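Step one of this worksheet: look at the structure below.
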Amino acid sequence: MAKPQDERTLVLVKPDGVIRGLIGETILRFEKRGLKIIALKMVWPTSEHIDQHYPSHNEWFSNVGSRTSEFFKNKNIDVKEHFGTENAVEIGKQVKDWLLDYMTVGPVVAMVIEGMHAITTVRKLVGHTYPIEALPGTIRGDFSVDTPSAANVEKRVVKNIVHASGNEDEAMHEIEHWFSPEEIHHYKRADEHIMF
Ligand code: IDP
Ligand code: MG
């Protein structure tokens, strides 16, 4: 098993983050925490590339849809009125279609981040999927208030600045999907031996 400090994850500064000038701010937060950028590039993705980036199985659709339904229930909003269905998988599929539209409107900045429990550490720095729910101090919680209740009326994704792999399987698939082995670099940060 890899050492906890060697864990890798994939981050994208999404088109809204790039257009808003938040590339540097995003990277800064990972570097400050002691994580290491080991691959970095700007890409204008195709719809096919985004389609393969996000999962297309019912479990993922259902997770996305159930979270949306739950959020709407708590806000006393009728999910059926927004989506035309209460079926979590169908809601998840609609969100994926919006992602194909949205993630291709402009370039994204893709990076591989390595460091101590990188997958969960990065997710903590990024914050909740819905910026309105994200805690201040997180990237999504500091730079956005977007929410599904506004996004779904406009039939668009929640704009939340960054993508970060959600678990080990996603990280493995996503790193391979965005980077060739030659684009990933090995080096030591000067402060590694002091931090851990
Ligand atoms: P994550 O990006 O925090 O991992 P996922 O569940 O993987 O969240 O969803 C992928 C992306 O789909 C989110 O980042 C967000 O942009 C969008 N999204 C998720 N749920 C909804 C929704 O209910 N309405 C609109 N967009 C959504
Ligand atoms: Mg995800």
Side-chain angles (χ1 to χ4, degrees), residues 8-20 22 26 29-30 45 47 49-106 108-111 113 118-135 138-175 177-178:
R8 291 175 174 189
T9 189
L10 182 102
V11 167
L12 304 173
V13 183
K14 294 181 174 184
D16 56 317
V18 172
I19 292 161
R20 291 180 57 196
L22 293 171
T26 301
R29 288 168 179 237
F30 301 133
S47 177
H49 197 75
I50 296 302
D51 189 26
Q52 288 157 23
H53 164 77
Y54 286 107
S56 278
H57 50 75
N58 281 355
E59 195 191 331
W60 187 81
F61 292 139
S62 169
N63 283 343
V64 171
S66 319
R67 192 185 46 206
T68 305
S69 294
E70 194 60 29
F71 179 84
F72 276 42
K73 217 190 289 160
N74 288 335
K75 296 257 179 293
N76 280 325
I77 307 171
D78 186 356
V79 75
K80 200 164 178 191
E81 211 180 293
H82 280 257
F83 280 97
T85 176
E86 281 171 345
N87 182 304
V89 172
E90 292 308 315
I91 295 172
K93 284 183 179 169
Q94 281 199 29
V95 169
K96 176 138 185 193
D97 279 345
W98 297 339
L99 280 167
L100 300 188
D101 292 337
Y102 180 65
M103 293 291 287
T104 53
V105 298
V108 304
V109 171
M111 67 196 91
I113 297 183
I119 298 167
T120 46
T121 308
V122 165
R123 289 289 296 200
K124 280 184 198 149
L125 290 166
V126 165
H128 194 282
T129 301
Y130 308 152
I132 195 80
E133 298 282 309
L135 293 175
T138 63
I139 298 167
R140 289 166 171 172
D142 280 350
F143 295 104
S144 177
V145 284
D146 202 18
T147 160
S149 34
N152 296 343
V153 179
E154 295 167 20
K155 307 224 171 297
R156 62 164 175 84
V157 285
V158 171
K159 292 181 191 171
N160 54 14
I161 305 159
V162 269
H163 163 83
S165 312
N167 54 48
E168 262 179 60
D169 288 344
E170 284 185 12
M172 247 170 47
H173 160 69
E174 291 171 7
I175 290 169
H177 185 57
W178 289 87

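Since the structure is predicted, the reported quantities are computational estimates derived from the model, not experimental observations. In this chain, numbering begins with 1 at the start of the sequence shown. Counting starts at 1 for both ligands and their atoms, following the listed order.
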For the residue pair Tyr54 and Trp60, does the interplanar ring angle fall in the parallel (under 30°), tilted (30 to 60°) or perpendicular (over 60°) class?
tilted
Would one find an N or O of Arg156, backbone or side chain, under 3.5 Å from an N or O of ligand 1?
no
Distance to 0.1 Å, residue and atom name: give those for the protein heavy atom nearest to atom 19 (C) of ligand 1.
Arg67 NH2, 3.4 Å
Using distance alone, with no hydrogens and no angle criterion, decide if Ser56 and Lys96 have a side-chain donor and acceptor under 3.5 Å apart.
yes
Could you find the nearest protein heavy atom to atom 14 (O) of ligand 1 and give me its residue, atom name and distance?
Asn160 ND2, 2.8 Å
Contact partition for Trp60 relative to ligand 1, non-hydrogen atoms under 4.0 Å
side chain
Just verifying a value: how many Å separate Leu22 CG and Lys14 NZ, rounded to the nearest 0.5 Å?
13.5 Å
Where do Glu86 and Ser69 come nearest, in terms of heavy atoms and distance?
O-OG, 4.5 Å
Do any nitrogen or oxygen atoms of Val158 come within less than 3.5 Å of a nitrogen or oxygen of ligand 1?
yes
Should the proximity of Asn152 to ligand 1, defined as any heavy atom under 4.0 Å, be assigned to the side chain, the backbone, both, or neither?
side chain
I'd like to know if Glu70 and Lys73 make a salt bridge, using a cut-off of under 4.0 Å between side-chain N and carboxylate O.
yes
Testing the basics here: between Arg123 and Ala164, what is the closest heavy-atom pair and its distance to 0.1 Å?
NH1-O, 2.8 Å
Counting both backbone and side chain atoms, is some N or O of His163 under 3.5 Å from an N or O of ligand 1?
no
Quick one: do Tyr102 and Ile50 satisfy side-chain contact (heavy atoms from CB on, under 4.5 Å)? Show the steps, please.
CA-CA 10 Å; Tyr102 180 65; Ile50 296 302; over 6 Å; no
Element-labelled atoms of ligand 1 that are located less than 4.0 Å from some non-hydrogen atom of Tyr54:
10 (C)
Top protein contact for atom 27 (C) of ligand 1, by heavy-atom distance:
Val95 CG1, 3.5 Å
State, yes or no, whether a side-chain contact exists between Val158 and Thr129 at a heavy-atom distance under 4.5 Å.
no
Thr68: numbered ligand 1 atoms lying under 4.0 Å from its heavy atoms
22 (C), 23 (O)
Distance-minimising heavy-atom pair for Leu10 and Trp178
CD2-CD1, 3.6 Å
Arg140-ligand 1 polar pair, N/O distance under 3.5 Å:
yes
Return the orientation label for the His173 and His177 ring planes: parallel under 30°, perpendicular over 60°, tilted otherwise.
parallel
How far is atom 1 (P) of ligand 1 from the closest protein heavy atom, and which atom is that?
Thr129 OG1, 3.5 Å
Need the ligand 1 atom indices (1-based, order shown) with element for anything under 4.0 Å from a heavy-atom of Arg123.
1 (P), 3 (O), 4 (O)
Out of curiosity, is Lys14 lining ligand 1, as in a heavy atom under 4.0 Å away?
yes
Heavy atom under 4.0 Å from ligand 1: found in Leu99's side chain, backbone, both, or neither?
side chain
